[in-house]
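Residue numbers begin at 1 in each chain, while the letters A, B, ... track the order of the sequences. Being a predicted model, the structure only gives us computed values, none of them experimental.
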Amino acid sequence: NAGVTQTPKFQVLKTGQSMTLQCAQDMNHNSMYWYRQDPGMGLRLIYYSASEGTTDKGEVPNGYNVSRLNKREFSLRLESAAPSQTSVYFCAVGDSGANVLTFGAGSRLTVL
Amino acid sequence: EDQVTQSPEALRLQEGESSSLNCSYTVSGLRGLFWYRQDPGKGPEFLFTLYSAGEEKEKERLKATLTKKESFLHITAPKPEDSATYLCAATQGGSEKLVFGKGTKLTVNP
């Protein structure tokens, strides 16, 4: 079992470009999350989806959009990338109410 | 505002030198307190969940404890392979969101 798969692992963008980070799970969990991790800031929640068809904002949603395509997939889109969005992005999944999260390996994004 | 604060930010130990990491939280209606381990270049990996004051969980050289205001991760006779960043997180009842602390980077020297 792969668990939680994120693509791409690395990406370099120029300011103003757009891109989508993909996350897929094979754990049959309802909840899916996107976090960003920056030095000295810890993990901060961008968006989450408690179930298929629902999405909610987290702590730092500005500049991002998400799509819960189906139960397996949750994508994060940057419409117009900015240098402040340079970060490592983690997708996580969990059973509803349990909050024990399984994380993907991360996607390292650099915006020049 | 819900907050999770970890201390120290970094800790260096000699192999076999026991110590503790601290996680203090201000979350109303705490539902769960979580500890994760993160190795460089990888995603966090779940270690423990604690639900009520007085609860303790153990795994190998690690023991997590919980009071009404804070949690401790005790490391007994650590080995170099215990070197990692340890993250604490909390969630409140009815919420799907985890609030993470900034982590403690532990280095264990042989």
Side-chain angles (χ1 to χ4, degrees), chain A residues 2-7 9-10 21 23 25 27 29-61 66 68 74 87-108, chain B residues 1-10 21-27 29-52 55 57 59 64 66 71 84-106:
Chain A
V4 181
T5 302
Q6 292 183 231
T7 55
K9 286 184 168 47
F10 301 94
L21 299 177
C23 176
Q25 56 137 335
M27 303 179 72
H29 284 338
N30 287 318
S31 301
M32 298 186 74
Y33 305 79
W34 277 106
Y35 285 89
R36 60 178 289 174
Q37 188 173 40
D38 304 290
M41 298 298 293
L43 280 162
R44 292 182 292 170
L45 182 64
I46 305 171
Y47 271 94
Y48 69 101
S49 170
S51 61
E52 183 179 352
T54 68
T55 61
D56 285 288
K57 294 178 181 179
E59 183 184 355
V60 288
V66 290
R68 182 74 182 266
F74 190 37
S87 187
V88 180
Y89 292 85
F90 288 100
C91 176
V93 305
D95 263 344
S96 299
N99 293 134
V100 174
L101 301 185
T102 300
F103 284 81
S107 297
R108 184 176 293 274
Chain B
E1 180 183 329
D2 295 338
Q3 282 195 328
V4 176
T5 303
Q6 292 187 246
S7 61
E9 291 184 12
L21 312 182
N22 177 265
C23 171
S24 63
Y25 62 91
T26 53
V27 174
L30 179 77
R31 182 168 72 184
L33 189 292
F34 302 80
W35 284 97
Y36 287 81
R37 169 189 171 129
Q38 186 174 23
D39 292 301
K42 296 188 177 181
E45 181 180 333
F46 171 75
L47 290 173
F48 303 110
T49 308
L50 302 165
Y51 293 105
S52 57
E55 189 175 0
K57 294 266 179 82
K59 180 180 180 181
L66 182 66
S71 177
T85 296
Y86 291 86
L87 302 172
C88 173
T91 186
Q92 59 181 157
S95 174
E96 292 284 338
K97 297 185 286 187
L98 249 62
V99 177
F100 279 86
K102 295 180 181 181
T104 294
K105 183 177 181 180
L106 173 67

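A:Tyr35 is listed as a side-chain neighbour of B:Leu98, based on a closest heavy-atom distance under 4.5 Å. Residues B:Phe46 and A:Thr102 form no side-chain contact, since every pair of their non-hydrogen atoms from C-beta on lies 4.5 Å or further apart.
A 6.0 Å sphere centred on NZ of B:Lys105 holds no more than 12 heavy atoms belonging to other residues, nucleotides or ligands. Applying the 6.0 Å contact sphere to CZ of A:Arg108 captures no more than 12 heavy atoms from other residues, nucleotides or ligands.
How far OH of A:Tyr33 is from NZ of B:Lys97: 10.5 Å, rounded to the nearest 0.5 Å.
Contact annotation for A:Leu45: only side-chain heavy atoms (C-beta onward) come within less than 4.5 Å of a heavy atom of chain B. Contact of B:Gln38 with chain A is made through the side chain alone, with heavy-atom distances under 4.5 Å.
Smallest separation of non-hydrogen atoms from A:Leu101 and B:Tyr36: N-OH, 2.9 Å.
The most heavy-atom pairs under 4.5 Å with chain A, out of B:Pro44, B:Ala89, B:Gly103, B:Gly43, come from B:Pro44.
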